[in-house]
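Worksheet: one structure, shown below.
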Amino acid sequence: MTIRAVVRGTGHYLPERVMENAEFEQLVDTSDEWIRSRSGIERRHIVAEGQTTSDLATRAARAALADAGVEVDDVDAIILATSTPDFTFPSAATMVQRELGMTRGFAFDVQAVCAGYVYALTTANAMILTGQARRVLVIGAETFSRIIDWTDRATCVLFGDGAGAVLLEAGEGDGSTADRGILAADLNSDGRHKDILHVDGGVSTGTTGHLKMEGREVFRHAVEKLAQTAHLSLEKAGLGAEDIDWVVPHQANIRIIQATAKKLGLSMDKVVVTVQDHGNTSAASIPLALSVGRARGQIKKGDLVVTEAIGGGLAWGSVVLRW
């Protein structure tokens, strides 16, 4: 018998306000056509005044629990991937724990920017495999609109707010690639590339700061590293690109998504794409896309799914799982 971390439920939440590309024409020198052609983004959701990351995460978590048919008292842990927590401390995950009425177990945040959800999934998987937890809510939630410079047309048009969640549960397998659950993962980081994607502020600097990005450099690293990490995870699992049913990538830019699929030798028909409706929601983008892809009827039980992401750090990685 082999223990696997199996997906039992998914859920997501998006703020009510939808910001179409045309609105940016009043803020910066840009156009709907310019944004679409360079990113594939058509609209994004923006949090309301007073709405926090933990608010979004809580709604996504409730949806995932309802989908799984699991009560909060049966959850052992919450891992929340975010770069935009409510407070410096305590963690946003403990705020979700409070709102859900969860009085047992433990909760903590993971920060690896856009790669955060891959890191969180990998952490949850390790806890399940070692018996530290049996059921883990793995959430990605962001309010990136709060750290955007709305006068910088290179970045302000790209990001949105939202949350997605997955309930992972320990399940039994026979140790083969046919098992349901997480089969392999690959994590990486390289701090030498900090300057190409970062926020120029933080607690110890005494400023909040804004997101800064060198788009061309990020694109170059993203395509190379995302394809590489996906291949490594597949190799660890004893599988190949030909075995993939769905790639659920970090939804940053349609051109990055297309170029990565090409490097993997995959048709875009095998890629779940939501970037047009959500923009880049950082750590929330993969769980959002998993939830939406399942709701669309794309992802089905038994499908082999590869998730991959890259973010500031640089940090990047991938997870291979059988749905």
Side-chain angles (χ1 to χ4, degrees), residues 15 19 24 27-28 30 35 39 41 44-47 49-57 80-93 95 108-120 139-164 187-222 225-226 250-253 256 275 278-288 309-317:
M19 188 174 185
F24 286 97
L27 299 175
V28 291
T30 192
I35 298 168
S39 69
I41 299 168
R44 74 286 295 143
H45 292 251
I46 304 294
V47 287
E49 187 70 28
Q51 197 171 30
T52 65
T53 294
S54 69
D55 293 336
L56 309 188
L80 173 53
T82 187
S83 296
T84 52
D86 301 17
F87 306 107
T88 302
F89 66 82
S91 68
M95 300 297 96
F108 61 93
D109 291 353
V110 168
Q111 207 277 58
V113 201
C114 301
Y117 200 73
V118 171
Y119 275 61
I139 310 167
E142 300 282 15
T143 50
F144 256 52
S145 61
R146 300 271 163 74
I147 55 171
I148 292 299
D149 177 355
W150 293 94
T151 66
D152 178 8
R153 73 168 188 165
T155 58
C156 71
V157 301
L158 300 177
F159 294 88
D161 304 327
L187 299 180
N188 309 269
S189 66
D190 188 341
R192 293 174 298 174
H193 303 297
K194 183 269 289 185
D195 289 341
I196 69 172
L197 181 56
H198 69 289
V199 169
D200 62 350
V203 176
S204 66
T205 67
T207 61
T208 301
H210 292 110
L211 186 146
K212 304 293 181 183
M213 182 174 70
E214 296 176 21
R216 289 182 181 178
E217 279 299 294
V218 171
F219 184 95
R220 182 175 67 83
H221 281 282
K225 288 176 169 58
L226 290 176
H250 169 47
Q251 308 286 320
N253 180 305
I256 291 175
V275 68
H278 305 155
N280 183 346
T281 55
S282 190
S285 75
I286 286 176
L288 260 171
I310 187 168
L314 291 174
W316 68 98

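Scanning all heavy atoms of the two residues, the minimum distance from Gly279 to Arg44 falls at N-CB, 4.3 Å. Contact record, Ile139 with Ala57: CG2-CB, 3.8 Å, taken as the closest heavy-atom pair. Shown here for Ile286 and Ala309, the closest heavy-atom pair between the two residues is CD1-CB, 3.8 Å. A pairwise comparison of heavy atoms in Leu80 and Ala92 identifies CD2-CB, 3.3 Å as the closest pair. The two residues Thr143 and Thr84 have their closest heavy-atom pair at N-OG1, 2.9 Å. The two atoms that bring Ala283 and Ala81 nearest to each other are CB-O, 3.6 Å, heavy atoms only.
When the side-chain hydrogen bond (donor to acceptor under 3.5 Å, both in side chains) test is applied to His221, the partners found at least two apart in sequence or on another chain are Lys225. Residues meeting the ring pair (Phe, Tyr, Trp, His ring centres under 6.0 Å) test with Phe159, sequence neighbours left out: Phe144. Every side-chain hydrogen bond (donor to acceptor under 3.5 Å, both in side chains) that Asn280 has, sequence neighbours left out, goes to His250. Not counting sequence neighbours, the partners of Ser145 by the side-chain hydrogen bond (donor to acceptor under 3.5 Å, both in side chains) test are Asp161. Residues satisfying the side chain to side chain contact (heavy atoms under 4.5 Å, CB included) criterion with Leu197, sequence neighbours excluded, are Leu211, Met213, Val218. For Glu214, there are no salt bridge (Lys or Arg N to Asp or Glu O under 4.0 Å) partners two or more places apart in sequence or in a different chain. With sequence neighbours excluded, no residue forms a salt bridge (Lys or Arg N to Asp or Glu O under 4.0 Å) with Asp195. The side chain to side chain contact (heavy atoms under 4.5 Å, CB included) test applied to Asp55 returns Gln51, Thr52, not counting sequence neighbours. Scanning for salt bridge (Lys or Arg N to Asp or Glu O under 4.0 Å) contacts around Arg192 gives Asp190, with sequence neighbours left out. With sequence neighbours excluded, no residue forms a side-chain hydrogen bond (donor to acceptor under 3.5 Å, both in side chains) with Thr208.
The distance from the CD1 atom of Ile41 to the CD1 atom of Ile35 is 8.0 Å, given to the nearest 0.5 Å. The CD1 atom of Ile310 lies 8.5 Å from the CD1 atom of Ile256; values are rounded to the nearest 0.5 Å. For the atom pair Phe89 CZ and Asp109 CG, the distance stands at 13.0 Å (nearest 0.5 Å). One distance of note links CG of Asn253 with CG of Leu158; it measures 7.5 Å at 0.5 Å rounding.
Pairs engaging residues 140-159 under the salt bridge (charged side-chain N to carboxylate O under 4.0 Å, His left out) rule: none recorded [sequence neighbours left out].
Leu56 has its side chain within reach of Pro15: a pair of non-hydrogen atoms, C-beta onward, lies under 4.5 Å apart. Using a 4.5 Å cut-off on side-chain heavy atoms (C-beta onward), Ser39 and Val157 make no contact. Annotation: side chain of Cys156 is in contact with side chain of Ile148 (closest heavy-atom distance under 4.5 Å).
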Checklist line | Verdict with reasoning, Gln251 to Leu288, per side chain to side chain contact (heavy atoms under 4.5 Å, CB included) | finding: CA-CA 9 Å; Gln251 308 286 320; Leu288 260 171; over 6 Å; no
Sequence neighbours left out, cut at 3.5 Å: what donor-acceptor pairs do the side chains of residues 111-119 make with other protein atoms?
from   : atom 1 : to     : atom 2 : distance (Å)
Gln111 : OE1    : Val113 : N      : 3.1
Tyr117 : OH     : Val138 : O      : 2.7
Tyr119 : OH     : Asn188 : O      : 2.7

